[in-house]
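Bear in mind the structure is a predicted one, so any value in this text is a computation, not a measurement. All residue numbers in this chain count up from 1 along the given sequence. Note that ligands are numbered from 1 as they come in the structure, with each ligand's atoms numbered from 1 the same way.
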Amino acid sequence: MGNDQEPTMRCCQDIVMFPWFAMGHITPFLHLANKLAEKGCRIKMLLPNKAIQVIHHLNLHPHLITFHTIAVPQVEGLPLGTETASDIPISLAHLLAIAFDRTRDQFQATILHSKPDLVIYDLAHWVPALVKPLGIKSMSYTVVSAAGIAILLVPARNITKDKPITVAELSVPPPGYPSSTVVLRGHEVQSLLFVAQPFGDNGVTFYEKVTTSMHQCDALAIRTCSEIEANLCDYIGSQYGKPVFLTGPVLPELSTNMPLEDRWATWLGGFEPGSVVFCAFGSQLVLDKDQFQKLVLGFELSGLPFLVALKPPTGSSTVEEALPAGFCERVKGRGMVWGGWVQQLVILSHPSVGCFVSHCGFGSMWEALMCDCQIVLMPHLGDQILNTRLLADELKVAVEVERDENGWTSKESISKSIKLVMDKDSEVASTIKTNHTRYRQTLTTQGLMSRYIDKFFQNIQDLVRQK
Ligand SMILES: O=c1ccn([C@@H]2O[C@H](COP(=O)(O)OP(=O)(O)O[C@H]3O[C@H](CO)[C@@H](O)[C@H](O)[C@H]3O)[C@@H](O)[C@H]2O)c(=O)[nH]1
């Protein structure tokens, strides 16, 4: 740091975190806060009240991590009482983004009062302009894969309001993009068109929001590690011309005082080691009834024991009423479809579970990589598709279920992929198992994750000392 240091050796002790109002963002911010609190940092998280109620039990250091309630303003068209993305269908997220931007005054008042050393945020693109004049550093923290940013949300894309982006343009990765495998194919590109749509106050687009956030902050941070995304992180750093700090995946440790619910411990305990297929699709996805039925019929067709935990499909209030006729009798004793939340991380470590069928949300991607089950992937959204390509095509640790040009799949393809990875004599099964074991061993190497946090902590100390 040399001459750049202030004489008093300022340190990064007080941090404000301000994530986008979605649990998939808020939760990883809190996991990072827990790690920084272990180092003695005091963190204030600015969140809607409903989010605080959902996550407060994950706060491992309540004397250092405090929650400050942000009131979510009413916006026309947004259902009354909406506070996070979990309260609304994805089609209304742009209205929540307007409400999010209109919390700017509350953010500013808190900053003026608490005068932190650093603000860590993601989609609030106006943060750097507010805090820089106060001498406060800002850092954009990406909690989706580096691939999701690198392929779409970089200056090389040059998406402007006057020139709408076309599917043909989006089909080609931006100049210099470093991977030929972590890409979208054919119709999948359609799911990216939303980036040029308004997503916030004054018609700001999603692309503008993210690129402004990443341009104007003092440093970029990404929730990933160089063992799997080094080339993509380097590309992001070169696109934005600023340092990229990696936190590692920052997964909560599996606590021994968090036993598996009796119901599942008993049920899973009735099967051979490594024989059960477990399926869950994250906190947001709601399938339509036809997709839901094809999925469960695919499990039936596989002939293997299975536990599926999914939200009821569109138009059904329970999973039971949406199951195909005669399904329960046919799979009795070997198959279970559950319409509620289960302890995914604990289930994945149960000895009877041998295969994880996942939508490959970023959280589930890491949990899949860290567990020793075989992995089958059925992505739905853009970032989940890129995560899937990373695991299936680049790292070759998983199999992706075949889909048709409409993006959906048949019960036969689902069953085929499950049987392929569960067949001990199959060459594909054995190759992905070997590769997966290698990555798991690397990622679970004693001290690897804590070294990421140590380095990140040092990075933020250096950052706040820079003039
Ligand atoms: O019954 C369940 C279902 C999920 N989980 C947990 O919930 C988290 C789900 O996170 P993730 O896999 O990232 O899925 P989503 O909730 O779908 O995540 C949203 O946010 C992610 C970024 O954080 C994006 O990658 C996804 O596309 C987006 O859908 C994971 O930790 C799971 O272990 C459970 O514990 N029990």
(message) Quick check: do Tyr121 and Ser138 have side-chain heavy atoms less than 4.5 Å from each other?
(response)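 The answer is yes, as the side chains (C-beta and beyond) meet within the 4.5 Å cut-off.
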(request) Taking the side chain as every heavy atom from C-beta outward, state whether Ile375 and His436 have any atom pair closer than 4.5 Å. (result)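 The answer is yes; the side chains approach within 4.5 Å.
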Check [Y] with [X], please: is the shortest side-chain N to carboxylate O separation under 4.0 Å?
{"X": "Glu169", "Y": "Arg157", "answer": "no"}
{"X": "Lys209", "Y": "Asp101", "answer": "yes"}
{"X": "Asp372", "Y": "Lys433", "answer": "no"}
{"X": "Asp201", "Y": "Arg102", "answer": "yes"}

Which residue owns the protein heavy atom closest to [atom], what's the atom, and how far is it?
{"atom": "atom 8 (C) of ligand 1", "answer": "Trp341 CH2, 4.6 Å"}
{"atom": "atom 33 (O) of ligand 1", "answer": "Glu367 OE1, 2.5 Å"}
{"atom": "atom 13 (O) of ligand 1", "answer": "Gly363 N, 2.8 Å"}
{"atom": "atom 9 (C) of ligand 1", "answer": "Gly282 CA, 4.0 Å"}
{"atom": "atom 23 (O) of ligand 1", "answer": "Gly24 O, 2.8 Å"}
{"atom": "atom 12 (O) of ligand 1", "answer": "Ser364 OG, 2.5 Å"}

(request) Consider ligand 1: state whether an atom of it lies below 4.0 angstrom from any non-hydrogen atom of His359. (result)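 Distance cut 4.0 Å: His359 passes for ligand 1.
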(message) So for Asp383, does at least one of its heavy atoms come nearer than 4.0 angstrom to any atom of ligand 1?
(response)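 Judged by the 4.0 Å heavy-atom criterion, Asp383 does count as contacting ligand 1.
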N/O separation below 3.5 Å, [X] to ligand 1:
{"X": "Gly340", "value": "no"}
{"X": "Phe362", "value": "yes"}
{"X": "Gln384", "value": "yes"}
{"X": "Ser283", "value": "yes"}

(request) Start with the C-alpha gap between His125 and Gln216, add the side-chain angles, then the distance that decides, and say whether side chain to side chain contact (heavy atoms under 4.5 Å, CB included) holds. (result) CA-CA 8 Å; His125 60 290; Gln216 295 191 356; over 6 Å; no
(message) Side chain, backbone, both or neither: which applies to Met365 and ligand 1 if a contact is any heavy-atom pair less than 4.0 Å apart?
(response)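 The answer is neither; Met365 stays 4.0 Å or more away.
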(message) Is the contact between Gln344 and ligand 1 made by the side chain, the backbone, both, or neither, using heavy atoms and a 4.0 Å cut-off?
(response)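 Both parts.
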(request) Might you check, step by step, whether the distance between atom 6 (C) of ligand 1 and some protein heavy atom is under 4.0 Å? (result) yes
(request) Would you confirm whether Thr409, through its side chain, and Glu402, through its main-chain N or O, come within 3.5 Å as a donor-acceptor pair? (result)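 Looks like yes, one N/O pair under 3.5 Å.
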(request) For the pair Arg389 (side chain) and Leu184 (backbone), establish whether a donor and an acceptor sit closer than 3.5 Å, ignoring hydrogens and angles. (result)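 Not confirmed, Arg389 side chain does not pair with Leu184 backbone.
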(message) Judged on heavy-atom distance to atom 35 (O) of ligand 1, which of Ile90, Val342, Leu345 sits nearest?
(response) Val342
(request) May I ask you to check whether Phe67 and His56 place their ring centres under 6.0 Å from each other? (result) no
